[in-house]
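Each ligand, and each atom within it, is numbered from 1 in the order the structure gives.
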Amino acid sequence: MQLEPDDERILAGEQGETKQKMLELLVALGKVFGAERLVPIKSAQVSGASYKTIGKYGLEWLSSLDAKAVIPAVLNPIGMPRGRWREMGVDPDFAEKQQAVVAAYSRLGIALECTCTPYYLRETSFGDHIAWSESSAVSYANSVIGARTNREGGPGALAAALAGKTPCYGLHLPANRKPQVVIAVGADTAGWTIADYGALGYHAGKLVGNRIPFFTGIRPDRDGLKALGAAMAATGAVALYHVDGVTPEAKKNKYDIAGLETITVEGAEIKKLFKDVPVEAVAVGCPHCSPEELTAIARLLKGKRVKMPLYVFASQGVIDRNRKTVEAIEKSGAKVYADTCMVVSPVMERYKGIMVNSGKALAYVPDMCGGAARIGTTEECVRVATE
Ligand code: F3S
């Protein structure tokens, strides 16, 4: 790999052991994947933030590091809302360890905007090179924005934040961003909600694995795209997808899809995922809610009281900018929490069944929370929580 003189000095240890080791990690990754150089990045998003997922050894490793991020970098959701963990019922012992993880990241210069939707907080543009690690954020950045990131592991994204660079391979190169399989949706998608697109993603992810799909027959809005990509990244390993006439690279490039395998998906295959399963709580905001999703939830809850726990997850920045909407939601007894989510918070393990409006949560809740998961539209979620 071609390295800059500055990089050589870091590798020689002139800026301390942490930066040296982190750059060694990036160079090793680059060599494995055939990168010819490191590319400067605009931002990083670092996963491995919940104590539930990284545990004691992850915390020990983070605490041993000593360097500062040189580009804007944010953290993925953690196991609790930082300001309201007692109210959520988080165990104090867990909270103490989670706070230690957060403090370690803060010392490393990672902003404590603990979210999988960093694109609502800071502008990311078409063609930007970035190093993000939460899979739904990666999918959104690549597919909906047209930025360029591989599906980074937590340590790789942290190393990139500290170096300000990442190895230039994979989805950083335009030649690797072409469609590899066509998903022809045969369903009538007029009136489809984010839950329908999440269910389509849940189904499609299993069909395509880690290939780059090109969808025809759908016209999702940005929230629909977010739901579709998040679910495909969970049941498959999709880091980039295109939607005919909708996503920026599909609009800009005339992709030749004639020779690609085509898989047809019918509406019945999606609808059968909407099963009636007993639930004890409802959780929406996977990925974290957009302002438009918060508005829709507030409208559905108007004049109602929740009869079972209803959790709404969003980033602190989106909550702060939509205070009135959040107050309207919480007036019903629902809780709008920042920093965390239904999958990475240990609190959700107390429920035997959770209703969600997200294909990604449908995939992860059973394994990560131990309970059953049911998918429904946001409207159905609110109805189940309030009736
Ligand atoms: Fe985000 Fe948690 Fe879902 S990190 S994508 S809300 S599983």
| message | Using a 4.0 Å cut-off to any heavy atom of Glu134, which atoms of ligand 1 qualify? | response | 5 (S)
| Any chance CZ of Arg350 has more than 12 other-residue heavy atoms, nucleotides or ligands included, within less than 6.0 Å? | yes
| Within the side chain of Ser345, is there an N or O that forms a donor-acceptor pair under 3.5 Å with the backbone of Gly79? | yes
| message | Can you see whether Tyr337 has Lys335 sitting over its ring - NZ or CZ less than 6.0 Å from the centre and within 45° of the normal? | response | no
| task | Evaluate the ring planes of Tyr255 and Phe214, with Trp represented by its six-membered ring, and classify them as parallel (under 30°), tilted (30 to 60°) or perpendicular (over 60°). | result | perpendicular
| field | Glu4 atom CD, over 12 foreign heavy atoms within 6.0 Å | value | no
| field | Distance filter under 2.8 Å, centred on atom 3 (Fe) of ligand 1 - protein N, O or S atoms that pass it | value | Cys286 SG
| Pick from Lys178, His242, Arg177: which one makes a side-chain hydrogen bond (donor to acceptor under 3.5 Å, both in side chains) with Glu249? | Arg177
